[in-house]
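I am attaching a structure below and will ask some questions about it afterwards.
Proteins get letters first, then strands, A, B, ... in listed order; numbering begins at 1 in each.
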Protein chains: 2
Amino acid sequence: MKPDLVAVVIAGGSGTRFWPVSTAERPKQFLPLFGHRTLLQATVDRLQGLVPPERTLVVTAARFVPQVRAQLPHLPAGNIIGEPQARDTAAAIALAAVVCRRRFGNPVMVVLPADHVIEPAEEFHRAVRSAAAAARGTRRLYTFGIRPTYPATGYGYLRAGEPVQPPQEDTATARLQHFRVAQFREKPDRQTAEQYVRDGGYFWNSGMFIWAADTFLAAVERHLPEHAALLFPLAAHVDTPAWEEQLATAFGRVPKISVDYGIMEKAGDVYMVAAPFSWSDVGGWTALADFLQRDAAGNAARGVVHALDAAGNVVFCEDGAEVVALVGVEDLIVVRSGNRTLVARKDRAEDIKRLVEAMPGQGG
Amino acid sequence: MKPDLVAVVIAGGSGTRFWPVSTAERPKQFLPLFGHRTLLQATVDRLQGLVPPERTLVVTAARFVPQVRAQLPHLPAGNIIGEPQARDTAAAIALAAVVCRRRFGNPVMVVLPADHVIEPAEEFHRAVRSAAAAARGTRRLYTFGIRPTYPATGYGYLRAGEPVQPPQEDTATARLQHFRVAQFREKPDRQTAEQYVRDGGYFWNSGMFIWAADTFLAAVERHLPEHAALLFPLAAHVDTPAWEEQLATAFGRVPKISVDYGIMEKAGDVYMVAAPFSWSDVGGWTALADFLQRDAAGNAARGVVHALDAAGNVVFCEDGAEVVALVGVEDLIVVRSGNRTLVARKDRAEDIKRLVEAMPGQGG
């Protein structure tokens, strides 16, 4: 275990893609979509042996702080940072970096979304250690590139530039591939995505980052000076009674921008490790289906499903005592939660969000 | 009101067609599928002004007697006749006839399934009065023929024979058409049904009957002598403490046969009134849809439905607080009840029964 790592778990997310199980008040990271642990809990569980709880921070919306504390009772209460407003990832990570700098000096930050599925944990640790070794004491901003397994149109892509030598200090990581990132690419259309996959030099942008706190803070200062001007002075108030009030004043004025747009796409020293682990951002019901049990007809289900001439459906029941019967239907998403039921065509999964946002009291 | 009418409401039914709202223990006649009254209650409500409660009998499975009493508290308790076993309609109606004969002499029986929808009540009364007037003191077995509104394959048909003069005694019924029934036809295939509709001389077999008790008992004696031998002796035990035991002994040995197969198709003196009312046997979810509210896209719903590019669906929520969201789906049946959810293609509605019967604890 490297003593200088600090994990920063970003638990944002609006919750419309997993309606009706997730709602504005219950975004997906707080839900036990698989087994009994929530995605947030699984993200922190995955750090075991890599980063200790006292060096694990969670950034979330202020209203979710009690929920995060309840789900992660072994984390020090002060490690849950509540954002008074949603200001996108650049502000969230910069805020975490300010706290890191104050509490831990210049640690290597491992920034992780709270709602990804990564397996196995050992390979994830190996990749973090390799990236951290390369980022430590350098000005490199590191990310993980995921080798595409299909031409996804829902992810951004990284174009790999020249390979770089992995750090020598950690022999266990010798076989991991490091690249300079030549370019960030927006979510492509289908044809472009197919081209990327054929090309072989494109990776999915995982949204995970590894860098020294000072490296990142310098990048914020250079590329997002407003963020720096508003958030850096908060360092003086970390762990003081003035924190909440100062944070509320400063944070509300920070521009809304993602760390990808605001920093990564502008910075020069961006590198990636080709991930040796399997990864999913579980972006919706169809992605979740990959993690559910399947019957012979390809129906992926959680809950008791009785099917007659029904194939390729995704059925998810929040309550295990639910029974769903399917007759003659194909390629549907059927979800049950409380008094809410969703029936959608799989190829229209992207539109669930649209419908839910228009529903009174359900949207983000 | 004709003082000699007795209504016999047959509340059988297994409940698989309306799964998941109906189950083996909650067949459709006991459910408030429309508004707040159950189909059974609506059937008895419809008799108001035609047959008084003390002359209204209900025949049901013995296990449903408490449920029927609870739903029809204004009926004398002794008017609910519990069948110890299911022996189909010939036995149920013959049993009712035996009770009728004993209690009421030789009334005109109006035999009505408990799960049909008929409107308006006034026209129904007019038709009953006309058929009763014709059946009274004659050996005629009367039924109602329903003019087909589409080439239904789920109903039996009656071929109308020569028209007969309606009874003169009731001027209000003068315009109703009476026919001898030339033939009973089984549920036809689509092509045959289309032929029937074009022909104009075919009517749906409504399963409602009007006849003098003695006429029917004579028909039972002639066409179903086993029924007569087993059930007629029960007359001596009506309203005595021995009733239940005697009934249990006799009923278990009665052959299972419907009144259509066992009597109507063999009897010669079968007549029909062309029904002046609208009628549905509400045979399943698609039939029920005709009675639900429709949105502009033709989604018929009970419950709160949010639809995006969804058309022609039937949504039924037993609990009015349920919310169903539909995205991109067409011509589905979506039903919510308790912990049970059905999603079926409308054109596969007939197969719901098959699936449910295979489910442990759900089938009939």
Side-chain angles (χ1 to χ4, degrees), chain A residues 16-17 19-21 23 284-285 299 301 303-311 313-363, chain B residues 16-17 19-21 23 284-285 299 301 303-311 313-363:
Chain A
T16 48
R17 282 170 186 276
W19 192 93
V21 174
T23 61
W285 291 116
N299 297 301
V304 179
V305 174
H306 296 274
L308 179 66
D309 300 334
N313 301 286
V314 182
V315 179
F316 189 93
C317 298
E318 191 174 357
D319 179 344
E322 295 263 338
V323 176
V324 174
L326 305 175
V327 180
V329 294
E330 291 186 0
D331 297 325
L332 295 183
I333 298 166
V334 177
V335 186
R336 283 280 310 125
S337 174
N339 69 344
R340 301 178 301 279
T341 304
L342 169 71
V343 181
R345 255 173 53 194
K346 263 160 85 173
D347 60 4
R348 297 292 303 274
E350 289 293 315
D351 295 316
I352 295 168
K353 200 174 149 80
R354 259 177 70 202
L355 181 63
V356 173
E357 283 170 354
M359 281 185 210
Q362 302 289 339
Chain B
T16 47
R17 281 170 187 277
W19 193 93
V21 174
T23 61
W285 291 116
N299 298 301
V304 180
V305 174
H306 297 274
L308 179 66
D309 300 334
N313 302 286
V314 182
V315 179
F316 189 94
C317 298
E318 191 174 358
D319 179 345
E322 295 264 338
V323 176
V324 174
L326 305 175
V327 180
V329 294
E330 292 186 359
D331 296 326
L332 295 183
I333 298 165
V334 178
V335 186
R336 282 280 311 126
S337 173
N339 70 344
R340 301 179 300 280
T341 304
L342 168 71
V343 181
R345 255 173 53 193
K346 262 160 84 174
D347 59 5
R348 297 292 303 273
E350 290 294 314
D351 295 315
I352 294 168
K353 200 174 148 80
R354 259 176 69 204
L355 180 63
V356 173
E357 282 170 355
M359 282 185 211
Q362 302 289 340

Inset, instruction - Could you tell me whether the side chain of B/Asn339 and the main chain of A/Val323 form a donor-acceptor pair under 3.5 Å? - result: no
Legend entry - Note, A/Arg354 side chain near B/Leu308 side chain (heavy atom, < 4.5 Å):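 In contact.
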Legend entry - Part of B/Ala307 lying under 4.5 Å from any heavy atom of chain A: backbone
Inset, instruction - State which residue, out of A/Leu355, A/Val356, A/Ile333, fulfils the side chain to side chain contact (heavy atoms under 4.5 Å, CB included) condition with B/Val327. - result: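 Exactly one pass, corresponding to A/Leu355.
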Legend entry - Region of B/Val324 in contact with chain A, defined by heavy-atom distances below 4.5 Å: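 Answer is both: backbone and side chain atoms of B/Val324 are under 4.5 Å from chain A.
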Inset, instruction - Give the minimum heavy-atom separation between A/Gly328 and B/Arg348, together with the two atoms involved. - result: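 Smallest interatomic distance, heavy atoms only, reads CA-NH1, 3.9 Å.
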Legend entry - Spacing of B/Leu326 atom CG and A/Thr341 atom OG1 [to the nearest 0.5 Å]: 9.5 Å
Inset, instruction - Working to the nearest 0.5 Å, report the span between CG of A/Asp309 and CG of B/Asp351. - result: 7.0 Å
Legend entry - Residue pair A/Ala344 / B/Val329: nearest heavy atoms and the distance that separates them: C-CG1, 4.0 Å
Legend entry - Distance in Å, B/Glu322 CD paired with A/Arg336 CZ, rounded so as to fall on 0.5 Å steps: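 With rounding to 0.5 Å, CD (B/Glu322) is 5.5 Å from CZ (A/Arg336).
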Legend entry - Minimum side-chain heavy-atom gap B/Leu332-A/Val343 below 4.5 Å: yes
